[in-house]
Amino acid sequence: VYLQGTDAAGASGAVAAAFADIRDPGDVGTVSGLVRNARTLAPIAAEIRASGYVSRSAGDGMYLRRLPAGSHRFEVSAPDFESIAIEGIGSTGGATVTRDFELFPLCAVLAEDAEANAAGWTTDSPWAIVNANANHASRFFTDSPVGNYANNRNIALTSPAFDLTGYDNPELAFEARCDTEAGYDYGIVEVRPNLSTSWTEIHRCDGQPQWRQVRVAAPQLAGAAQAQVRFRFTSDSFEVRDGWSIDNIVLRAGGPACRSTEPGTVIFASGFE
């Protein structure tokens, strides 16, 4: 199906295409249910993927997906929760199948909001914590605490080592204002699984003067016993700006080590009193 819109002045917009599967109603079934927090049973707004088809649960956790009859792989994910993938969920032609999902919350393994002294974090000068201002309501880290950054910088804000043994699917989240010369000066997020290996880049920014929330996967840290994160700023020899500001750094992860901390979670019970 090709779609094209026209505005009030009669000007036509770009042509877009949408593809549709045309099937006999008897060959299409419905899978519906509820996505909930495994710890609190509260509903979750999540994304549900089933054999390439995508649905989203509403704020009440309810979802509904019409699918070709047969067996499907479901992948369910939501921010701050551990994703799950389940094979072999069946869809029956002309019928509705109920399938609920429960997701475990990710655990915060590393958290730093810059409100105190950021114990264990190391800084290359002039990285520092500054007070709240008109652009941001709380204290935050910045590479340029007294004005615009200088040329030819290569300076980092580095976390202490932290233990991710038994944790899976690490995800780093933070707030950032990346007011740099676009295309030349960068904020670069890097990680490493131990203190003796080289750093791996997982995110970079430039030319973004507004505060925004950033989320980025860090699979390189899964199971690492001495994981580290660093925020490295680089500039060239020409123009300068206000710089890179960072706040509310949180690294969350799932896996057995996280689930074992959930109230009521049973890892093993023998029953032999």
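No hydrogens, no waters, no symmetry mates; every other heavy atom, side chains included, goes into these values.
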Check whether any side-chain N or O of [X] sits under 3.5 Å from a backbone N or O of [Y] as a donor-acceptor pair, and report yes or no.
{"X": "N151", "Y": "F238", "answer": "yes"}
{"X": "Q228", "Y": "S159", "answer": "yes"}
{"X": "T92", "Y": "G29", "answer": "no"}
{"X": "T30", "Y": "L64", "answer": "no"}
{"X": "D206", "Y": "G183", "answer": "yes"}
{"X": "W211", "Y": "E175", "answer": "no"}
{"X": "N117", "Y": "A119", "answer": "no"}
{"X": "Q4", "Y": "G13", "answer": "yes"}

Heavy atoms, side chains only, cut-off 4.5 Å: are [X] and [Y] in contact?
{"X": "V146", "Y": "V130", "value": "no"}
{"X": "W127", "Y": "I246", "value": "yes"}
{"X": "L106", "Y": "P170", "value": "no"}
{"X": "V76", "Y": "F81", "value": "no"}
{"X": "V97", "Y": "S91", "value": "no"}
{"X": "V31", "Y": "I48", "value": "no"}
{"X": "S245", "Y": "F141", "value": "no"}
{"X": "I188", "Y": "W199", "value": "no"}

Nearest-0.5 Å distance that lies between atom [atom1] in [X] and atom [atom2] in [Y]:
{"X": "D236", "Y": "T234", "atom1": "CG", "atom2": "OG1", "answer": "8.5 Å"}
{"X": "I84", "Y": "F101", "atom1": "CD1", "atom2": "CZ", "answer": "6.0 Å"}
{"X": "I44", "Y": "L103", "atom1": "CD1", "atom2": "CG", "answer": "4.5 Å"}
{"X": "S235", "Y": "I155", "atom1": "OG", "atom2": "CD1", "answer": "7.5 Å"}
{"X": "E112", "Y": "L157", "atom1": "CD", "atom2": "CG", "answer": "8.5 Å"}
{"X": "R139", "Y": "N131", "atom1": "CZ", "atom2": "CG", "answer": "5.5 Å"}

Not counting sequence neighbours, which residues clear side chain to side chain donor-acceptor pair (under 3.5 Å) with H72? List them please.
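Scan of H72 (side chain to side chain donor-acceptor pair (under 3.5 Å), adjacent residues dropped) gives S51.
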Check [X] against [Y] and note the closest heavy-atom contact, atom names and distance.
{"X": "R153", "Y": "S125", "result": "NH1-O, 4.1 Å"}
{"X": "P193", "Y": "T197", "result": "CD-OG1, 3.4 Å"}
{"X": "G243", "Y": "S144", "result": "CA-OG, 3.8 Å"}
{"X": "A227", "Y": "L164", "result": "CB-CD1, 4.1 Å"}
{"X": "D124", "Y": "N154", "result": "OD2-O, 4.5 Å"}
{"X": "S57", "Y": "A46", "result": "OG-N, 2.6 Å"}

More than 12 heavy atoms of other residues, nucleotides or ligands under 6.0 Å from CD of Q213: is that the case?
yes
Does atom CZ (R241) have a neighbourhood of more than 12 heavy atoms from anything else shown, all under 6.0 Å?
yes
Could you go through L221 and V229, starting from their C-alpha distance and side-chain angles, then the distance that decides it, and tell me whether this counts as side-chain contact (heavy atoms from CB on, under 4.5 Å)?
CA-CA 9 Å; L221 301 185; V229 175; 4.3 Å; yes
Salt bridge or not for E190 and R192, using N-O below 4.0 Å?
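Answer for the salt bridge query: no.
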Evaluate D242 against R177 for side-chain contact (heavy atoms from CB on, under 4.5 Å), listing each step before the verdict.
CA-CA 9 Å; D242 188 47; R177 179 175 182 260; 2.6 Å; yes
Answer with yes or no whether the hydrophobic clustering places [X] together with [Y]; edges join I, L, V, M, F, W, Y residues whose side-chain heavy atoms lie under 4.5 Å apart.
{"X": "V28", "Y": "Y63", "answer": "no"}
{"X": "Y167", "Y": "V250", "answer": "no"}
{"X": "I86", "Y": "L34", "answer": "no"}

May I have the step-by-step check of side-chain contact (heavy atoms from CB on, under 4.5 Å) for E102 and D100, ending in yes or no?
CA-CA 7 Å; E102 293 184 356; D100 295 336; 6.0 Å; no
Could you check R252 against D80 for salt bridge (charged side-chain N to carboxylate O under 4.0 Å, His left out), going step by step and ending with a plain yes or no?
CA-CA 7 Å; R252 297 181 177 90; D80 301 331; 3.2 Å; yes
Going by atom types only, do N169 and S83 share a side-chain donor-acceptor pair under 3.5 Å?
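Absent: no donor and acceptor within the cut-off.
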Applying ring pair (Phe, Tyr, Trp, His ring centres under 6.0 Å), name anything that partners F233, two or more places apart in sequence or on another chain.
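If we apply the ring pair (Phe, Tyr, Trp, His ring centres under 6.0 Å) test to F233, skipping adjacent residues, the hits are Y149.
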Just do the side-chain contact (heavy atoms from CB on, under 4.5 Å) check on Y186 and T180 with the steps written out, would you?
CA-CA 7 Å; Y186 298 98; T180 72; 5.9 Å; no
Test log, rule side-chain hydrogen bond (donor to acceptor under 3.5 Å, both in side chains), inputs D247 and S138:
CA-CA 8 Å; D247 197 6; S138 63; 2.7 Å; yes
Per the side chain to side chain donor-acceptor pair (under 3.5 Å) rule, what does the pair list look like for residues 7-28, sequence neighbours excluded?
D21-Y53
Parallel, tilted or perpendicular: rings of W244 and F174 (30°, 60°):
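F174 vs W244 ring planes: perpendicular.
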